[in-house]
Amino acid sequence: MNSTDLSVLKSAVEWLQAGQSVAIATVVQTWGSAPRPVGSWLAIRADGQVAGSVSGGCVEDDLIRRVQTEILTRDTPEMVVYGVTQQEAARFGLPCGGTLRLLVEPRPELAILEKLLANISSHQITRRSVNLATGKSTLSLGDRSDEFACTEQEMQTTYGPRWRMVIIGAGQLSLYTADFALASDFEVVVIDPREEYAEGLNRSDITFSKGMPDDVLLEIGVDSHTAVVALTHDPKLDDMALMEALKSPAFYVGALGSRKNTQKRKERLLEFDVSQEQVEKLHGPVGLYIGALTPPEIAVSILAEVIAVKYGVSIPKKIS
């Protein structure tokens with residue numbers, strides 16, 4: 001669940017706890033160019049107050065009207081479709097003739113949403129299944145590899161930090177990178193055995209480990225939804241972590257350093273149990289080249305590159 005949809009969940013829980021009538025709309029399918037991805041949430045209160053978005057503002061006004069006048073009077077979910085024709089797409093402002101299919105729940109269960117919010121707050125990946133015939137929902141343990149699914153009988157959505165960033169080093173750049181990663185909906189793990197850096201990581205939103213980076217990577221299990229970024233600038237810590245990360249299914253592995261130092265690092269890694277193919281997976285110097293100089297600017301460049309790799313976008317060639 002991304003940060004925007006987490007705020008929707010919090011609002012829905014607060015409104016329901018206050019005795020308000022609330023409907024929840026979920027994007028279940030899109031065709032063409034859609035402004036919000038599948039799984040996006042919108043909570044609509046009976047008085048028209050909303051939290052979140054399903055179309056970036058294109059269809060919300062009409063959906064609010066339908067919820068207030070029709071859907072809130074019902075007991076079971078309703079499928080709503082916008083933009084079936086080019087004329088409707090133009091009417092609702094959907095870009096490029098896009099089509100949007102929404103499941104609207106007029107009776108979301110407060111107890112289920114409270115439990116879901118508690119699970120997410122404790123970094124537990126949770127799968128919510130909604131019976132389309134009854135509107136009843138259940139929660140179960142989710143997995144990072146779960147995909148959104150919606151059939152004529154059931155909608156299944158996974159919430160929680162499906163993507164994870166492991167940062168080696170707890171310096172200033174690491175903290176900025178962690179903040180941007182959290183804002184980009186990554187679970188963040190920071191590893192640094194150095195005592196002098198431990199005090200700055202007393203934060204509930206980041207998992208901090210004082211273990212040796214290579215050992216911790218083996219313990220937590222790096223998967224294909226994990227990015228590993230080495231930022232200590234200390235080969236004794238970075239290189240050991242990179243050895244394990246490059247042999248793992250991690251979708252992104254990057255390390256801080258100049259082009260010259262990156263080349264030296266690759267040569268060192270080849271002397272150990274790392275193949276040429278694995279070494280070539282290393283992104284270095286880490287981050288897109290945007291002329292960044294300060295720690296927050298460098299952190300922006302790192303997240304930009306990680307996100308580009310996550311979505312399979314071609315990375316511009318590195319320059320000095």
Side-chain angles (χ1 to χ4, degrees), residues 125 143-147 161-171 173-174 177-178 180-181 184-193 207 209 211-292 298-320:
I125 300 175
D143 186 84
R144 292 185 192 280
S145 61
D146 289 343
E147 298 290 343
R162 292 190 61 220
W163 298 90
R164 175 173 57 178
M165 177 176 288
V166 180
I167 300 172
I168 312 302
L173 173 58
S174 297
T177 303
F180 286 122
S184 301
D185 308 312
F186 284 83
E187 175 188 359
V188 176
V189 178
V190 177
I191 308 171
D192 199 322
T207 301
S209 174
M212 290 301 295
D214 52 327
D215 292 335
V216 176
L217 287 179
L218 290 173
E219 290 170 7
I220 65 176
V222 176
D223 58 23
S224 60
H225 284 73
T226 302
V228 180
V229 184
L231 301 177
T232 72
H233 232 322
D234 182 345
K236 296 190 299 294
L237 298 177
D238 284 350
D239 286 6
M240 296 301 291
L242 292 171
M243 283 177 56
E244 299 302 333
L246 291 169
K247 291 186 289 184
S248 78
F251 77 90
Y252 178 94
V253 181
L256 188 66
S258 65
R259 294 188 70 183
K260 182 177 180 181
N261 287 339
T262 297
Q263 184 57 42
K264 290 181 178 179
R265 172 178 282 119
K266 289 182 176 182
E267 292 170 0
R268 289 196 305 270
L269 290 170
L270 285 172
E271 296 176 2
F272 297 94
D273 185 25
V274 185
S275 69
Q276 181 70 48
E277 182 180 5
Q278 290 167 337
V279 165
E280 292 308 316
K281 290 167 52 182
L282 179 64
H283 292 267
V286 70
L288 296 183
Y289 181 77
I290 58 174
I298 296 170
V300 169
S301 76
I302 292 171
L303 260 297
E305 184 170 65
V306 171
I307 291 169
V309 173
K310 172 185 170 183
Y311 289 117
V313 176
S314 178
I315 302 296
K317 183 179 179 181
K318 305 279 185 179
I319 64 175
S320 301

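Owing to the predicted nature of the structure, the values given are computational and were not obtained by experimental measurement.
Rounding to the nearest 0.5 angstrom, the gap separating the CD atom in Glu271 from the CG atom in Asp239 is 10.0 Å. Rounding to the nearest 0.5 Å places CG of Leu269 at 10.0 Å from CG of Asp238. Taken to the nearest 0.5 Å, the NZ atom of Lys310 stands 7.0 Å off from the CG atom of Asp185. Once rounded to the nearest 0.5 Å, the distance linking CG of Asp223 with CZ of Arg164 reads 5.0 Å. Phe272 contributes atom CZ, which lies 13.0 Å from atom CG of Leu246 (distance to the nearest 0.5 angstrom).
Of all heavy-atom pairs spanning Lys236 and Met240, the tightest one is O-CG, 3.4 Å. Considering all non-hydrogen atoms of both residues, Pro193 and Leu237 come closest at CG-CD2, 3.7 Å. Nearest approach of Ser209 to Val216, heavy atoms of both residues: OG-CG2, 3.3 Å. The heavy-atom pair separating Asn261 from Ser258 by the smallest distance is N-OG, 3.1 Å. Counting all heavy atoms, side chain and backbone alike, Gly169 lies closest to Ser174 at O-OG, 2.8 Å. Between Pro213 and Ala241, the closest heavy-atom pair is CB-CB, 3.6 Å.
In this structure, Met243 and Asp214 have side chains that are not in contact, with every pair of non-hydrogen atoms separated by 4.5 Å or more. Using a 4.5 Å cut-off on side-chain heavy atoms (C-beta onward), His283 and Val306 make no contact. Contact check for Ile307 versus Ser184: side-chain heavy atoms found under the 4.5 Å cut-off. In this structure, Ile315 and Glu305 have side chains that are in contact, with non-hydrogen atoms separated by less than 4.5 Å. Phe180 has its side chain out of reach of Val188: every pair of non-hydrogen atoms, C-beta onward, lies at least 4.5 Å apart. Contact check for Val309 versus Phe251: side-chain heavy atoms found under the 4.5 Å cut-off. Residues Ile191 and Met212 form no side-chain contact, since every pair of their non-hydrogen atoms from C-beta on lies 4.5 Å or further apart.
Just one of Arg265, Arg268, Gln278, Lys281 meets the side-chain contact (heavy atoms from CB on, under 4.5 Å) condition when paired with Leu242; it is Arg265. Exactly one residue among Val189, Val228, Thr177 makes a side-chain contact (heavy atoms from CB on, under 4.5 Å) with Met165. That residue is Thr177. Evaluated for a side-chain contact (heavy atoms from CB on, under 4.5 Å) with Ile302, the options Leu231, Leu288, Leu256 yield exactly one hit, Leu231.
Other residues, nucleotides and ligands contribute over 12 non-hydrogen atoms within 6.0 Å of the CD atom of Glu280.
With Lys266 contributing its side chain and Val279 its backbone, the two residues share no donor-acceptor pair below 3.5 Å. Ser301 contributes no side-chain N or O that, together with a main-chain N or O of Ile290, makes up a donor-acceptor pair within less than 3.5 Å.
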